[in-house]
Amino acid sequence: MLTFIVLRQTCQHGRRSTSLFNYPVTRTFTGSALRFNLSETPDITEGSPMKLRGRPHDTADPTAKATRSKPSKAAKVTKAKSPTKPARLWTPPPKRKISGTSLFLSKKIGGKGVQVKEGQAEWKALSDSERSMYDADAREITVKRRTEYEAWKASLSPQALRQYQKWHRAKHAARMAKREAESGTAGLKRPLGPYVIFCKEYFQKHYKSSEGISPVAVMQASSQAWSNLTLGEKAPYVAQAEELFKAYQQKKVHLMEEKLHKQALSH
């Protein structure tokens, strides 16, 4: 590619011109010189102004600012609005149950944190007769609250009841996830209980051997079979569940200690 260097010409009416030759060129400025690249077909008409492309760095008005064309309103992309939350179809339910310990703490202590720990120590120091008084009062309150809850549940429509159950499950899952994240036991699943161990074993034994029976029918049969077992027949499953729970507790304590150790090192 041939390249010519021509000294800068005078600027007349904001346009550069020359009478030597004229090429359709692509130009760049280097210092005070104008560079032409013969990359296109030349126009050799004498006396015609040069066809320059691009924008020179040394314009006539150095204070002039480049203006950008604003996009039209039609070209603007409207952000998609987030879907609105459905209206709540249910009122807050009444409280369902209370324990003797919770009743004692609510009567003795109004705050949380250190006061709760002190209240738990006071509860452990009570005699059996004093604890039984709080347990009896708690059972009466629980029966009353259960009646109020059943009446509230019966007043809801099926759609409102499904909406409440969905909200309650999401709230419980978020609370458990937060608790696991704080304790460092996220991802650690609780072990199976004796009833679930028996039903799982019963299902694996009878579902494969039976033909034409639905899984739901097999699970219902396993529940009935568990209720027909004696305490001695349930003992092996209870012992297996206890072993699994002990291993779970040990692993949980190990994860919590590991998280506390990492926090101490970070500080």
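- In this structure, Arg88 forms a cation-pi arrangement with Trp90, its terminal cationic atom sitting closer than 6.0 Å to the ring centre and no more than 45° off the ring axis.
- To the nearest 0.5 Å, atoms CG (Asp135) and OG1 (Thr142) are separated by 10.0 Å.
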Under 3.5 Å, sequence neighbours excluded: what are the donor-acceptor pairs made by side chains of residues 183-199?
unit_1: Ser183; atom_1: OG; unit_2: Arg179; atom_2: O; d: 3.0
unit_1: Ser183; atom_1: OG; unit_2: Glu180; atom_2: O; d: 3.3
unit_1: Ser183; atom_1: OG; unit_2: Thr185; atom_2: OG1; d: 2.9
unit_1: Tyr195; atom_1: OH; unit_2: Ser223; atom_2: OG; d: 3.4

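- Counted within 6.0 Å of CE on Met176, heavy atoms from surrounding residues, nucleotides or ligands total more than 12; the atom is thus considered enclosed.
- Atom OH of Tyr202 and atom CD of Gln224 lie 9.5 Å apart (nearest 0.5 Å).
- Using modelled atom types and a 3.5 Å distance limit, the side chains of Ser99 and Ser102 yield a donor-acceptor pair.
- Note: Glu182 CD to Lys259 NZ = 7.0 Å, rounded to the nearest 0.5 Å.
- Of the charged side-chain nitrogens involved, none lies within less than 4.0 Å of a carboxylate oxygen, so that Glu150 and Arg146 do not count as a salt-bridged pair.
- Atom CD in Glu242 sits 15.5 Å away from atom OH in Tyr237 (nearest 0.5 Å).
- In this structure, Asn228 places its CG atom where more than 12 heavy-atom neighbours from other residues, nucleotides or ligands lie under 6.0 Å away.
- Within a 6.0 Å sphere centred on CD of Gln159, heavy atoms belonging to other residues, nucleotides or ligands number 12 at most.
- Linking ILVMFWY side-chain heavy atoms closer than 4.5 Å, directly or via other members, places Phe245 and Leu255 in a single hydrophobic cluster.
- When the side chain to side chain donor-acceptor pair (under 3.5 Å) test is applied to Gln240, no partner is found at least two apart in sequence or on another chain.
- Atom CD1 in Ile141 sits 14.5 Å away from atom NZ in Lys97 (nearest 0.5 Å).
- Remark: Lys205 NZ is loosely packed, at most 12 non-hydrogen atoms of other residues, nucleotides or ligands lying under 6.0 Å away.
- Surrounding CG of Leu231 are at most 12 heavy atoms belonging to other residues, nucleotides or ligands under 6.0 Å away.
- Here CD of Glu122 is found 9.0 Å from CG of Leu105. Values are rounded to the nearest 0.5 Å.
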